[in-house]
Amino acid sequence: MNIFALFHERIAAILAGFGESGRLPIALEPARFVVEPPRDAAHGDLATNAAMVFAREAKASFGSPRQLAIEIAAALTALDGVDQAEVAGPGFINIRVKPEVLAVVLRAALIDPAGFAKPSAREGASAAPAPVNVEYVSANPTGPMHVGHGRGAVFGDALASLLAFVGHPVTREYYINDAGAQVDTLAHSAFLRYREALGETIGEFPEGSYPGDYLVPVGASLADIYGDRLKDKAEDEWLPIVRAAAIAAMMAMIRDDLAALDIRHDVFFSERSLPHGPEGDAVAAAIADLRGRGLVYQGTLPPPKGKPGEDWEAREQTLFRSTDFGDDVDRPLRKSDGSYTYFAADIAYHRVKIDRGARDLIDVMGADHGGYVKRMQAAVRALSGGEASLDVKLCQLVQLVRDGEPVKMSKRSGSFVTLREVVDEVGADAVRFIMLHRKNDAPLEFDLARVVEQTRDNPVFYVQYAHARAASVRGKALAAFPDLDVSPAALAEADMTLLADAGELGLVRELAQFPRIVEQAARAHEPHRIAFYLYDLASLFHAQWTRGKDQPQLRFINEEHRETTCVRLALVSAIGGVIAAGLGILGVSAPSEMR
RNA sequence: GCACCCGUAGCUCAGCUGGAUAGAGCGCUGCCCUCCGAAGGCAGAGGCCAGGGGUUCGAAUCCCUUCGGGUGCGCCA
C-alpha cells in the first residue's frame, strides 16, 4: 500500500494519455520522474517533479513546464481521493489527498503492518523478483570473530532479510576459506596445543602462528582421541587430521558466535569442497569456461608503479582479461609455479553460484577488499555472459569506544576484543541496531556505554521504547475501557475522521512513507535507511505522547470520549506494528516493555 | 604512480539515485517540566555541503580537476 507508487502510476497514466492525443511522445520513461513527500508538509501530502522532468518533450505542445504541470494537476484533481493538486514554483505539483486516503493508509498499516510495507504485486508485472545470493561473513576459520566481522555479518543478514521481505528468493551464503596456507598455519598451531596437551612445554609460539588459547581445547580433544599416536607421525600424515579438526572447531565457534546474534546461513560453502584433481577440477573448468570466451591468455604483467619492487621480476602467468570489463589490469589465475591463485578459486565459486540460478549476487566484505571488487565483478559478468551482476558491499571499520575513549585492541597479544564479548556485554539487539544505523561504507563508532543507556542518544533504546510505549498505551486503554476491543480488526472500524490534530496527521503521513523507505532501502541495498526511518517515526511518536502532558485533550486515552480513544489507539497500534515490522527486518526484537 | 571509498553544524552522522528555505542527535544558550501516563518538552545560535571549474530550468547529489584522510596494488587468503 504505497501511495507514492500509486500516484506514480496515476501520473504515468495521465502522461500516457497526453501521448495518445499526440501532445507528448508515446514512450516517456516513467522512471525519470518521482513522487515523494514534499519537503514542507504545508505543501501537501505528495509532490512530483514530472512536469519539469519532461519539460523538453512538452515544449512543442505545452510551451512551458508550468503549463504541462497545470494540465497534469487538472487531470489529477479529477481523480478519486485527490483533494487538490496545485502547481508551485517552476512546475512542482503538490497533491493533497482527501482524509479517506489517509484513513485507508492507516487501516492498512494497522491490520497488517508487514503486508502494508511490501510492494504490491502489480498487474502485468514483467517478472518475479530475481533470485539473489548474499554472501556474508566469510571470516577465515582461524579464530573467533572480531567486531569488524560482526558488522559485515549483521549487515549481510539484514540485507538478506530486507531483500526477502520485498519478495526476492534469497540464499544466504558463507564461503569458508579452508584451502589456503592460513589453515595449514592454523593446523600447526593446533598441533602445538596437542603436544602441549600431552604434557610438553611449548613456550613461545612462532611468529605468524595462532597463539590464542581458543586452540587449547582443539589440542586437548586431539589428545583425547588419538593419544600420542599423532606426535611422531610425519607432517603429511598428521596435517590433514589436525587441520580438519581445527577447521571444524573454528567453524563451530564461529557459528556459535553468529547464533548469538541470530545470524544464520542457508549454505556454508567450503573452498576445499570445490572438486579438484584429474577427475573433475572446478577451478580448471572455470578457467576453461573463460578461455572459451576468449578471456584467458598467457602474459606478463607490468610491475606495480610507485611501489619499490626490489624482488619483482617479470614472469609469465595465466591471466584473465578483466580489463575488458573495466578493471585496471588483467589478473592472474595461476601463480608462476602453476598453482591456482585465490582469485581463480573464487571465480570457480562464483560460477557455482551463477549455475545455481542466482542473477543478483551480493558479496559483503571488509573495506580492505576494495581492490578486489572490479576483478570479481568482471569475472561474474564474463562467466554469466552478462546475465548476472555482482554488487560488493564493503563494510568500513568499527571503532569500539567506551564513554568516548577508544577501547584498546591488540591483535598481537591475542587479546583483541571479540564479537562475542561485545554481544555478551550489551546484547544482540544493541549490536545489531548500532551496526545497521550507519551506512556500510562509513566508519562506525560503537560506544559500549552509550548503547545501554536509556536515553534519546541511544537509538536502540529510543526505538524499542516507542514500541513498548505503544503496547503500554493499549494496556492503559483497557484499564479505562475494560470492554474495549483493542484488536487491530476492531480498531480499524474506528472513525478515522476524528484524527484532526496536526501531530496525529503527521504521524499518519510518516506511516505512509514506510513502504517507500523499504522499497528504496531494498533497491539501494542499504538497510540503514530503515533504521533511520524507525528513529524518525519513534521520535514523532514520543513527541505526540509528550504533548499530552501539557494538553490533556491530545492524550491517546480520553476517558470521556470513547470514539476518540479508539481512533487514537488505531494510530498507536499502527505505529507499534510498523516499528515491529521494521525492527523485524533488521533482526532486532520489539519488546512490549523495557526493563 | 594507479584504482576504489570518504570529506556536510564544535562532535557523531542523515540527506530519499538531480528538486523547493540543506536536516537529526549530542554539545552550547534561554525558557518550561521534574506529584498527576516511564526515563523529558519547546525555542535559539551554529553551514562558502573541502576548494575550483563544468553539465541544466535546478547540483550536497552527475562529470572534470586540486587538496586532505582511509584502503588496496603479480607469485596472501
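Just so it is clear, the values below take in all heavy atoms, side chains as well, and ignore hydrogens, waters and symmetry mates. Order of the sequence lines fixes the chain letters, A, B, ..., with proteins taken first and strands second; residue numbering starts at 1 for each chain.
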Can you list every pair that meets salt bridge (Lys or Arg N to Asp or Glu O under 4.0 Å) and has a residue in residues 433-454 of chain A, with sequence neighbours left out? none
Enumerate all atom pairs, one protein N or O and one N or O from nucleotides 40-46 of chain B, separated by less than 3.5 Å.
{"residue": "B/rG41", "atom": "OP1", "partner": "A/Arg456", "partner atom": "NH1", "Å": "3.3"}

At under 4.0 Å between heavy atoms, which parts of nucleotides 13-19 of chain B does protein reach? Answer with one letter per nucleotide, 5' to 3': B base, S sugar-phosphate only, - none. SSSBS-B
For A/Phe541, what residues pass the ring pair (Phe, Tyr, Trp, His ring centres under 6.0 Å) criterion, not counting sequence neighbours? A/Phe556
Output all residues satisfying ring pair (Phe, Tyr, Trp, His ring centres under 6.0 Å) with A/Phe92, sequence neighbours left out; order by chain, then residue number. none
Set of ring pair (Phe, Tyr, Trp, His ring centres under 6.0 Å) partners for A/Phe4, sequence neighbours left out: none
Quick test of your reading: applying side chain to side chain donor-acceptor pair (under 3.5 Å), list the pairs with at least one residue in residues 60-72 of chain A, sequence neighbours left out, ordered by first then second residue. A/Arg23-A/Glu71, A/Gln67-A/Glu71
Under the rule for ring pair (Phe, Tyr, Trp, His ring centres under 6.0 Å), what residues qualify as partners of A/Phe155, not counting sequence neighbours? none
Sorted by first residue and then second, give each side chain to side chain donor-acceptor pair (under 3.5 Å) pair with at least one member in residues 342-352 of chain A; sequence neighbours left out. A/Glu173-A/Tyr349, A/Asn177-A/Tyr342, A/Asp289-A/Arg351, A/Asp346-A/Tyr372, A/His350-A/Asp363
Sequence neighbours excluded, every pair satisfying salt bridge (Lys or Arg N to Asp or Glu O under 4.0 Å) that has a member inside residues 518-528 of chain A: A/Glu519-A/Arg523, A/Glu526-A/Arg529
Under-3.5 Å N/O pairs linking protein and nucleotides 8-10 of chain B:
none

Could you list the residues that satisfy side chain to side chain donor-acceptor pair (under 3.5 Å) with A/Arg568, not counting sequence neighbours? A/Glu504
